K.L.:
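Pasting a structure below so you can have a look.
Just so it is clear, the structure is predicted and the values come from calculations on it, not from any experiment. In what follows, chains are A, B, ... by sequence order, proteins preceding strands, each numbered from 1.
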Protein chains: 2
Amino acid sequence: MPGQQDKEPIVIPKPTLDRLKLYHRLLNEIEQKYISSDEIAQRVGTNAEQVRKDLTYLKTTGKPKVGYDVAQLRQELEELFGVKKTTKVILVGAGHLGSALVNYPGFANYGIEIVAVFDNDPRKIGMFIGELSILPMKDLARVIKRFRVEIGIICVPKDSAQQVADILVSNGIKGIWNFTPARLVVPDDVFVVDEDMSQSLLTLKHFLEMKKQKMQESQRG
Amino acid sequence: MPGQQDKEPIVIPKPTLDRLKLYHRLLNEIEQKYISSDEIAQRVGTNAEQVRKDLTYLKTTGKPKVGYDVAQLRQELEELFGVKKTTKVILVGAGHLGSALVNYPGFANYGIEIVAVFDNDPRKIGMFIGELSILPMKDLARVIKRFRVEIGIICVPKDSAQQVADILVSNGIKGIWNFTPARLVVPDDVFVVDEDMSQSLLTLKHFLEMKKQKMQESQRG
DNA sequence: TAGATTGTTAATCGATTAACAATC
DNA sequence: TAGATTGTTAATCGATTAACAATC
């Protein structure tokens with residue numbers, strides 16, 4: 001294939017990637033055929049220049065005076081994020097949070113299917129969460145192999161998190177979605193996304209602190 | 001108070017703020033009396049220069065050859081994030097996720113206390129989640145006033161989210177922790193933290209897509 | 001054609017990293 | 001004192017914004 005040089009490792013910057021997710025969400029909410037960079041910008045709260053810049057990372061190009069083809073853009077973003085490919089996922093930790101996640105209706109929209117739930121509490125084994133029966137940890141290897149699972153969700157108590165991560169990794173899991181506050185140590189080729197709620201909480205509290213300070217200042221001043 | 005000019009609106013940049021949270025977490029895990037910028041850096045995965053730069057936003061200063069006073073740093077960060085002040089919070093939406101949050105043991109560590117749970121499903125009213133009885137929405141105003149609540153957690157279905165947000169705002173709530181994928185429209189003085197799980201999920205799926213592509217390329221190349 | 005909107009280059013901004021003097 | 005570590009200034013890097021020619 002001469003001429004065409006298609007071997008550039010185009011890495012999309014993280015901030016851009018985050019905005020692309022917002023665009024993707026927006027595109028799923030609208031019905032029109034075309035949309036301009038300016039309209040996208042207004043609806044997600046950024047500016048048109050940035051939208052256009054971001055979209056240069058995609059193959060889709062817009063038409064002057066018309067805008068971007070919504071369906072095309074949507075499709076390319078779906079491919080980028082792998083939305084359409086169903087990803088099979090297992091979940092470890094059948095507590096309140098685990099149950100909430102198993103029952104979370106939003107996952108289907110993003111091509112996520114939880115195929116099994118594990119727990120190490122013998123009393124929970126065999127109980128059901130939705131349609132899934134809770135399995136003992138010893139079945140983990142078998143299930144991962146059988147369904148070719150690549151992602152594991154951890155929602156166990158903090159102190160067991162690393163141990164569970166080790167087990168997942170040793171069974172070939174390549175992506176971990178960590179709902180505990182533990183910082184997991186994993187090999188380089190395993191990707192961890194932390195869903196650390198206490199951190200969000202600190203953000204919220206910090207904001208309120210700032211606000212109070214400002215009010216006090218303006219009273220003084 | 002002449003001489004001293006204490007009226008600078010020092011705004012800590014968001015990236016710095018996020019790292020300060022990591023330092024705070026680290027400081028709670030260690031026992032030594034002093035810690036160097038280099039050690040902090042290594043343990044949270046950044047570099048010493050950045051740690052020192054970040055810490056210039058605080059009052060605490062380090063000692064050459066010794067490092068930073070752990071207790072002092074910890075205390076200042078706790079103040080910054082308002083960890084010690086107990087913040088009373090209400091939660092709307094007594095589903096699986098709501099129950100998980102009410103039972104989440106981590107909140108207490110960060111000075112968060114959920115004082116009431118609301119739902120609009122008449123069948124749920126009066127049922128208990130942990131020690132809290134589920135209240136009808138009509139009690140919301142009273143509870144907010146009585147406990148001087150400033151933060152509301154929303155974990156209702158997406159389509160009701162905006163409506164709930166409006167109710168919270170009109171009752172004086174100043175911070176919203178939003179567990180739905182809805183984008184909330186609120187006045188400028190209300191702060192929203194989105195805990196959008198589908199977004200994290202996209203990050204995870206994107207990573208796996210990239211990884212597969214890379215593997216395919218290296219096979220071809 | 002005239003006008004709107006894209007795509008891209010250049011300028012700006014802000015955050016990170018490097019370097020080093022100050023100091024315990 | 002000598003050496004380690006801080007605090008700060010300057011250089012670098014990367015992302016955002018502005019500007020404008022290309023084009024439908």
K.L.:
I need the CG-P distance between B/D38 and D/dG7, as an integer number of Å.
P.N.:
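Atom-to-atom, B/D38 to D/dG7, this comes out as 14 Å.
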
K.L.:
Which nucleotide wins on minimum distance to the side chain of A/K65, given the candidates C/dG3, D/dT16, D/dC20?
P.N.:
C/dG3

K.L.:
What distance separates A/T203 OG1 from B/K14 NZ, expressed to the nearest 0.5 Å?
P.N.:
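Rounded to the nearest 0.5 Å, the OG1-NZ separation comes out at 5.5 Å.
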
K.L.:
Can you label the angle between the B/F207 ring and the A/F191 ring as parallel, tilted or perpendicular, going by 30° and 60°?
P.N.:
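Judged by the thresholds at 30° and 60°, the geometry between B/F207 and A/F191 is parallel.
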
K.L.:
Looking only at the side chain of B/K53 (C-beta and beyond, no hydrogens), which of the listed nucleotides D/dA10, C/dT6, C/dT23 gets closest?
P.N.:
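Minimum distance to the B/K53 side chain belongs to D/dA10.
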
K.L.:
Has B/T61 got a side-chain N or O lying under 4.0 Å from the OP1 or OP2 atom of D/dG7?
P.N.:
yes

K.L.:
Is there a donor-acceptor contact under 3.5 Å from the side chain of B/K205 to the main chain of A/L80?
P.N.:
no

K.L.:
Could you work out which one of D/dA19, C/dC24, D/dT8 sits closest to the side chain of B/P64?
P.N.:
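The listed nucleotide nearest to B/P64's side chain is C/dC24.
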
K.L.:
Quick check on C/dG7: is either OP1 or OP2 less than 4.0 Å from any side-chain nitrogen or oxygen of A/Y68?
P.N.:
yes

K.L.:
Salt bridge check: are B/E113 and B/K88 linked by an N-O gap of less than 4.0 Å?
P.N.:
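Judged by the 4.0 Å cut-off on N to carboxylate O distance, B/E113 and B/K88 do form a salt bridge.
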
K.L.:
Could you state the CG-P distance from A/L17 to D/dA15, rounded to the nearest angstrom?
P.N.:
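Rounded to whole Å, this separation is 12 Å.
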
K.L.:
Tell me: NZ of B/K14 to C1' of D/dT16, nearest whole Å?
P.N.:
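Rounded to whole Å, this separation is 18 Å.
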
K.L.:
Calculate the interatomic distance between B/L58 atom CG and D/dT8 atom P; express it in whole Å.
P.N.:
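Going from B/L58 (CG) to D/dT8 (P), I get 13 Å.
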
K.L.:
Please classify the nucleic acid contact of B/N47 as base, sugar-phosphate, or nothing, using heavy-atom distances under 4.0 Å.
P.N.:
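The residue B/N47 makes sugar-phosphate contact but no base contact.
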
K.L.:
Are any non-hydrogen side-chain atoms of B/Q162 and B/R183 less than 4.5 angstrom apart?
P.N.:
no

K.L.:
Tell me the interatomic distance from B/R52, atom CZ, to C/dA19, atom P, rounded to whole angstroms.
P.N.:
13 Å

K.L.:
Measure the shortest side-chain to side-chain distance between B/L101 and B/I153 over non-hydrogen atoms and say whether it is less than 4.5 angstrom.
P.N.:
yes

K.L.:
Given D/dT6, C/dT6, D/dA19, which nucleotide is nearest the side-chain atoms of A/S37?
P.N.:
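Looking only at heavy atoms from C-beta outward on A/S37, the closest nucleotide is C/dT6.
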
K.L.:
With a 4.0 Å limit, can you tell me whether B/R19 has a side-chain N or O closer than that to the phosphate oxygens OP1/OP2 of C/dT16?
P.N.:
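So the side chain of B/R19 is within the cut-off, an N or O lying under 4.0 Å from OP1 or OP2 of C/dT16.
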
K.L.:
Give a yes or no on whether the ring-centroid distance for A/F107 and A/W177 is below 6.0 angstrom.
P.N.:
yes

K.L.:
When the distance from CG of B/L55 to P of D/dT8 is rounded to whole Å, what number comes out?
P.N.:
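Distance, rounded to whole Å: 12 Å.
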
K.L.:
Send over the distance from B/D54 CG to D/dT6 P, rounded to a whole Å.
P.N.:
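So the two atoms are 13 Å apart, to the nearest Å.
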
K.L.:
Between D/dT16 atom P and A/D18 atom CG, what is the distance in whole Å?
P.N.:
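Computing the A/D18:CG to D/dT16:P distance gives 10 Å.
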
K.L.:
Convert the base pairs of DNA chain C into dot-bracket notation, remembering that pairs crossing earlier ones are written with [ ] and that bases paired across to another strand are shown as |; include only Watson-Crick or G-U pairs under 3.5 Å.
P.N.:
..||||||||||||||||||||||

K.L.:
Which sits closer to the 5' end of DNA chain D, B/S36 or A/Q50, going by the nucleotide each is nearest to?
P.N.:
B/S36

